[in-house]
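Per chain, numbering begins at 1; letters A, B, ... match sequence-line order.
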There are 2 protein chains.
Amino acid sequence: MSVDPENSPEPRIRIGELSRRAGVGVDTLRAWERRYEVFRPSRSPGGFRLYGPGDEARARRMSELIAEGHSTAEAARAVVRPAGPPAAGAPAAEEVGPLVEALVALDEGTANSVLDRVLATLSLEQASALVILPAMREVGSRWSRGEIGIAEEHFASNLVRARLLALTRGWGSGGGRRALLACPPGEKHDLALIVFGLALRDRGWRVTFLGADTPTGTIEEAAGRLRPEAVVVAALSLERIEAEAEALASLARSQRLLLAGPTEVTAAARRLGAEPLPPDAVEGAAALDAG
Amino acid sequence: MSVDPENSPEPRIRIGELSRRAGVGVDTLRAWERRYEVFRPSRSPGGFRLYGPGDEARARRMSELIAEGHSTAEAARAVVRPAGPPAAGAPAAEEVGPLVEALVALDEGTANSVLDRVLATLSLEQASALVILPAMREVGSRWSRGEIGIAEEHFASNLVRARLLALTRGWGSGGGRRALLACPPGEKHDLALIVFGLALRDRGWRVTFLGADTPTGTIEEAAGRLRPEAVVVAALSLERIEAEAEALASLARSQRLLLAGPTEVTAAARRLGAEPLPPDAVEGAAALDAG
DNA sequence: AGACATTCGACAAACTCTTGACAACTGGGA
DNA sequence: TCCCAGTTGTCAAGAGTTTGTCGAATGTCT
């Protein structure tokens with residue numbers, strides 16, 4: 001799952017500017033590309049390299065790793081590899097703090113560069129599981145502790161939602177198995193559900209997304225028309241499920257229904273005739289795909 | 001919105017005046033037009049270029065992007081939403097129907113291709129005003145007539161929101177005047193507000209977006225911290241405003257508050273100490289920028 | 001009349017391209 | 001300790017690209 005910078009509205013930069021921003025010489029940048037394929041810049045009509053948003057992050061990360069004593073080849077391997085378990089957990093977790101700080105400070109620029117770096121370094125699934133969703137959970141708990149206002153929570157959700165939704169182009173097309181995704185009435189947190197959808201998409205599924213706050217009856221109607229292989233309903237709090245228990249049970253009789261969310265939510269699944277999904281969105285997608 | 005700049009009552013200026021206002025040489029302006037089609041000025045009977053209000057913003061934004069280190073060509077790519085055939089009003093309106101049909105059929109592929117075509121043909125402002133927002137209004141009214149369910153409405157909002165949010169990258173950065181945008185509690189339709197924010201961004205503003213369903217008190221807190229030049233609150237129904245009348249009036253005492261929405265909403269503005277904005281999102285942005 | 005505009009072609013400064021090379025450094029092995 | 005091989009940042013040369021600016025001849029506006 002990669003974003004191609006060609007069609008991005010974001011203007012690209014040439015090698016000199018990248019050099020200034022990242023603090024790496026132009027010759028070095030070209031050498032890294034030639035020798036390790038760290039970058040794959042697009043080209044201007046005349047052949048000039050044009051770098052996208054993630055490239056500055058990659059160059060910075062290279063410098064960082066080299067400064068920490070790794071060889072250039074090693075750094076390149078760490079930066080270029082889309083997914084890599086070795087030692088990816090620790091450094092990724094370090095991004096959570098800065099991301100949270102930027103979000104609660106309503107600082108769009110910083111938040112976006114952290115996200116650029118994270119999405120450039122990690123696979124989408126890792127980025128979501130290790131950084132983005134933990135950061136949003138932290139924002140949520142700061143709000144429930146009264147440390148920040150709803151404004152900050154809204155700002156953070158909207159910014160992160162924008163980044164994630166940008167990756168959803170075409171997730172409803174193709175020939176794979178189809179899943180219908182929605183949050184029950186009253187549930188406004190759809191970020192984890194988006195991540196879930198993206199993870200499913202990566203596994204070849206077709207995703208139809210109804211989003212937050214969707215009445216159970218209309219989920220059932222839509223399911224009747226689309227005939228998905230699975231209907232996934234996600235909620236953060238048990239109340240939303242309890243309030244709709246009857247309608248969900250009815251839905252479960254006509255569709256394969258899966259419940260996602262914290263353990264108290266999924267615990268209610270069997271009683272309603274639904275299947276529980278692991279609390280982690282990415283794990284959940286894997287489980288659904290496997291089952 | 002001034003769809004057809006030819007007939008707009010807006011003052012039209014010649015190249016020298018634009019050069020002075022935007023701080024860009026006349027030769028440079030002509031070169032940008034010739035080489036990148038950044039402008040499409042109309043002409044006087046004698047052949048003089050006549051520029052509209054958006055052109056100054058475009059020129060300014062070009063300078064800004066170039067100062068940030070982007071090449072002129074890339075700045076141009078980011079600034080031009082390739083304007084389609086002149087007088088594109090009629091053909092554009094023809095896209096509304098197919099878009100609505102695709103959306104209510106939960107057909108992501110078709111909906112996205114219509115949007116692709118529309119965004120490739122028209123400026124963002126035209127696409128919003130002539131196609132996207134009308135289509136969403138049509139979806140909304142079909143729902144209120146009971147012809148479609150909330151599922152379709154949700155699907156449509158989410159798909160369109162994803163496309164629009166993808167264009168918001170960086171709208172909070174830069175050096176322009178800052179605006180704080182939010183919908184009042186209970187108001188869930190933020191699409192027009194996003195369009196409004198994008199139109200402001202095109203005019204050089206910085207946008208901080210709190211989104212749907214934001215308590216007035218937290219708007220006030222955020223405004224206290226960000227000190228924006230304008231706070232814009234948008235609602236589709238008067239009820240949302242009335243329910244928050246007192247809080248909004250209080251907000252209007254400490255901030256420059258503008259109300260956007262249908263006429264019955266903006267009619268309530270003056271009573272609350274706020275300023276009304278035109279119902280059309282793009283016109284509204286132009287008005288705020290001009291005032 | 002005089003300020004302001006138009007087009008077209010052209011130029012030069014700043015930047016970037018590729019290829020190939022080289023010197024400084026590293027980490028062993030003899 | 002010396003030497004070798006691999007690694008890596010930097011440089012050079014010559015060609016090509018990008019882009020602001022200019023000149024010249026001509027036309028428009030008030």
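The side chain of B/Ser44 places an N or O atom within less than 4.0 Å of a non-bridging phosphate oxygen (OP1 or OP2) of D/dC29. Close to D/dG9, at under 4.0 Å from its OP1 or OP2, lies a side-chain N or O of A/Trp32. Using a 4.0 Å cut-off, some side-chain N or O of B/Thr72 falls inside it from OP1 or OP2 of D/dG20. Between A/Thr28 and D/dT10 there is a side-chain polar atom (N or O) within less than 4.0 angstrom of OP1 or OP2. Listed pair B/Arg43 / C/dT7 meets the phosphate criterion, a side-chain N or O lying under 4.0 Å from OP1 or OP2. An OP1 or OP2 oxygen of D/dT18 is reached within less than 4.0 angstrom by no side-chain nitrogen or oxygen of B/Tyr36.
Nearer the 5' end of DNA chain D, as judged by each residue's closest nucleotide, is the contact made by A/Ala73, out of A/Ala73 and A/Phe48. Remark on DNA chain C: of its neighbouring residues B/Arg34 and B/Glu17, the 5'-side contact belongs to B/Glu17, judged by nearest-heavy-atom nucleotide.
Side chains of B/Phe196 and B/Leu181 form a contact here, defined as non-hydrogen atoms less than 4.5 Å apart. Side chains of A/Glu125 and A/Asp202 form a contact here, defined as non-hydrogen atoms less than 4.5 Å apart. Looking at heavy atoms from C-beta onward, B/Pro98 lies out of side-chain contact with B/Thr110 at the 4.5 angstrom threshold. Residues B/Arg177 and B/Arg206 fail the side-chain proximity criterion, which asks for heavy atoms closer than 4.5 Å.
Between the CZ atom of B/Arg77 and the P atom of D/dT18 there is a distance of 14 Å, rounded to whole Å. Atom CZ of B/Arg12 is separated from atom P of C/dA5 by 15 Å (rounded to the nearest Å). Atom CD of B/Glu33 is separated from atom P of C/dA5 by 14 Å (rounded to the nearest Å). Straight-line distance from the CD1 atom of B/Ile13 to the P atom of D/dC29: 17 Å, rounded to whole Å. Whole-Å rounding puts the B/Leu65 CG to D/dT18 C1' distance at 17 Å.
Closest contact between the side chain of A/Ile15 and the listed nucleotides C/dC17, C/dA5, D/dC11 involves C/dC17. For B/Asp27, the side-chain atoms get nearest to D/dT21 when compared with the rest of C/dT7, D/dT21, C/dC4.
For A/Arg30 against D/dG9, a side-chain-to-base donor-acceptor contact under 3.5 Å is absent.
Residue-level contact check: B/Arg14 touches the backbone only, with heavy atoms under 4.0 Å from sugar-phosphate atoms and none from bases.
A salt bridge links B/Asp116 with A/Arg169: the distance from a Lys NZ or Arg NE/NH1/NH2 to an Asp or Glu carboxylate oxygen falls below 4.0 Å.
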